[in-house]
Amino acid sequence: MPSYSSILGTGSYLPRRVVSNQALTDELAARGVETSAEWIKTRTGIEQRHIAAADESNVFMATEAAKRALASAGADVANVDLIVLATSTADQIFPSAACGVQAALGARRAMAFDLQAVCSGFVYALTVANAMIRSGQVANALVIGSEVFTRLMDWSDRTTCVLFGDGAGAVYLQATPEPGILGCDLHANGELGCILNADGRVEGGQVVGDPFLRMDGQAVFKQAVSVLGNSATTLCESLNFPLQSLDFIVPHQANVRILQSVAKKLSLRPEQVVVTVDQHGNTSAASVPLALDVAVRSGRIQKGHHVLLQGVGGGFTWGSVLVRM
Ligand code: UT7
């Protein structure tokens with residue numbers, strides 16, 4: 001009786017429209033917002049981002065990523081028991097984006113729900129799916145991160161609007177006799193909710209509160225470096241897994257300087273850190289599965305490699321999942 005779970009396939013989708021720092025800077029200048037391609041590149045590492053068109057909904061992107069994960073695993077959609085979709089930018093209040101994906105895929109057997117832990121959403125979703133597989137409740141799961149964060153941007157706020165992009169990533173997870181997922185470590189501190197939030201809601205037919213994403217960038221930066229380093233150490237120690245045995249880390253892609261600081265803290269070489277923030281910007285819950293898919297498809301991450309996936313963001317939430325691919 002299999003009692004572990006393993007990632008058997010990965011997939012991703014990026015919107016067709018690519019916007020370089022220069023193109024974004026020009027667009028913002030036309031609105032009277034002053035920034036520069038150089039500032040964005042130097043302070044964040046971002047060079048471009050993908051921005052979803054009206055027909056590239058959260059569900060559409062998630063479905064495309066899921067199809068690619070199923071294809072790379074050689075899996076049949078009819079066998080999917082569970083779809084967990086991590087997002088903070090679903091297309092509608094309800095039904096969930098996961099149910100939209102279930103319908104679009106024709107995954108009739110699957111239960112489906114969304115999970116909201118902002119930029120930590122994917123590691124939270126992977127932890128939940130892993131637990132459901134380990135308990136024997138399901139055998140085959142699609143775990144997806146899909147976001148259209150550009151729809152939450154206040155385009156007059158240069159401290160946030162240059163940072164985010166859209167996209168989706170997915171993994172196909174299956175029950176296996178050997179792990180797979182070696183361990184998970186999740187945390188939250190709701191007292192820090194105010195440093196990264198979008199506090200608006202729909203009430204009485206109107207948006208009440210601030211509908212845009214707001215962030216205290218420096219506070220988030222400091223927290224991120226500290227908690228990602230601690231989570232990696234805690235998880236590896238609890239599993240008796242030496243940090244030196246890690247092949248790669250795939251952290252949440254918010255700022256290349258955060259990734260460099262975490263790598264330094266963990267004494268990892270730069271080439272062990274998967275970086276896609278330069279190409280994708282910050283895609284919140286989609287960033288980790290997107291980066292994982294890029295690294296797998298390029299042949300960098302291979303079967304048998306030990307990979308640490310890490311999320312951090314609004315809530316405040318953070319966590320790590322250690323995987324043998
Ligand atoms: O996904 C969830 C996780 N999110 C994150 O991890 C984000 C974490 N935070 C960060 O990545 C960084 O804090 C930012 C990229 C958001 C900001 O970088 P920073 O080096 O912390 O910049 P800062 O906020 O200290 O601002 C430095 C200066 C300020 O000007 P003054 O006060 O020194 O004159 C800002 O007004 O840069 C200015 N600035 C900009 N200038 C040009 C802020 N945004 C921009 C901009 N273009 N877009």
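One-based numbering, in listed order, for ligands and for the atoms of each.
Residue contacts with ligand 1 for V118 are absent, since no atom lies close enough (heavy atoms, distance under 4.0 Å). By the criterion of a heavy-atom distance under 4.0 Å, the side chain of L196, and not its backbone, is placed next to ligand 1. Using a 4.0 Å cut-off between heavy atoms, T35 contacts ligand 1 through both its backbone and its side chain. Contacts of F221 with ligand 1, taken as heavy-atom pairs under 4.0 Å, involve both backbone and side chain.
To the nearest 0.5 Å, the span separating CG on L82 from CD on Q102 amounts to 11.0 Å. Note that CG of L266 and CG of L228 are 9.0 Å apart. Values are rounded to the nearest 0.5 Å. Between the CZ atom in F212 and the OG atom in S156 there is a gap of 7.0 Å [rounded to 0.5 Å]. Atoms CD1 and CG, on I40 and N21 in that order, are 4.0 Å from each other to the nearest 0.5 Å. Taking CZ of F221 as the start and OG1 of T44 as the end, the distance is 10.5 Å to the nearest 0.5 Å. Rounding to the nearest 0.5 Å gives a distance of 13.0 Å between CZ of R49 and CG of L14.
Contact atoms of ligand 1 toward I258: 6 (O), 8 (C) (distance under 4.0 Å to a heavy atom of the residue). Atoms of ligand 1 found under 4.0 Å from any heavy atom of M215 (numbered from 1 in listed order, with element): 4 (N), 7 (C). For ligand 1, the atoms sitting less than 4.0 Å from at least one non-hydrogen atom of V162 are 48 (N), numbered in the order shown with element in parentheses. Numbered from 1 in the order shown, with element, the atoms of ligand 1 that lie under 4.0 Å from a heavy atom of C119 read 1 (O), 2 (C). Listed by atom number, the atoms of ligand 1 under 4.0 Å from A254 heavy atoms are 3 (C), 4 (N), 5 (C), 6 (O).
Between E64 and K67 a salt bridge is recorded (basic side-chain N to carboxylate O distance below 4.0 Å). The existence of a salt bridge linking R214 and D157 is confirmed by a sub-4.0 Å separation between a basic side-chain nitrogen and an acidic carboxylate oxygen. Salt bridge R16/D55: present, at least one basic N to carboxylate O contact under 4.0 Å.
Between T44 and ligand 1, not a single N/O pair is under 3.5 Å apart. The distance criterion of under 3.5 Å between nitrogen or oxygen atoms is met by G217 with respect to ligand 1. Looking at R43 next to ligand 1, an N or O pair under 3.5 Å apart turns up.
When the options N255, N282, L228 are ranked by their closest heavy atom to atom 10 (C) of ligand 1, first place goes to N255. Which of H252, R257, Q218, Q253 comes nearest to atom 24 (O) of ligand 1 through a heavy atom is settled by distance: it is Q218.
The protein heavy-atom contact nearest to atom 16 (C) of ligand 1 is L163 CD1, 3.8 Å. Given atom 39 (N) of ligand 1, the protein heavy atom at minimum distance is W39 CZ2, 3.4 Å. Protein heavy atom closest to atom 3 (C) of ligand 1, with residue, atom name and distance, is V220 CG1, 3.6 Å. Residue, atom and distance of the protein heavy atom nearest to atom 48 (N) of ligand 1 are R158 O, 2.9 Å.
Distance check for atom 13 (O) of ligand 1: a protein heavy atom is found below 4.0 Å. For atom 29 (C) of ligand 1, no protein heavy-atom neighbour is found at a distance under 4.0 Å. Not a single protein heavy atom sits closer than 4.0 Å to atom 34 (O) of ligand 1.
Other residues, nucleotides and ligands contribute at most 12 non-hydrogen atoms within 6.0 Å of the CD atom of E191.
Both V288 and V171 sit in one connected hydrophobic cluster of ILVMFWY residues. Membership requires side-chain heavy atoms under 4.5 Å apart, directly or through other members.
The two atoms that bring A125 and L115 nearest to each other are CA-CD1, 3.8 Å, heavy atoms only.
Y13 and F60 have perpendicular rings, their planes meeting at more than 60° on a 0 to 90° scale where under 30° would count as parallel.
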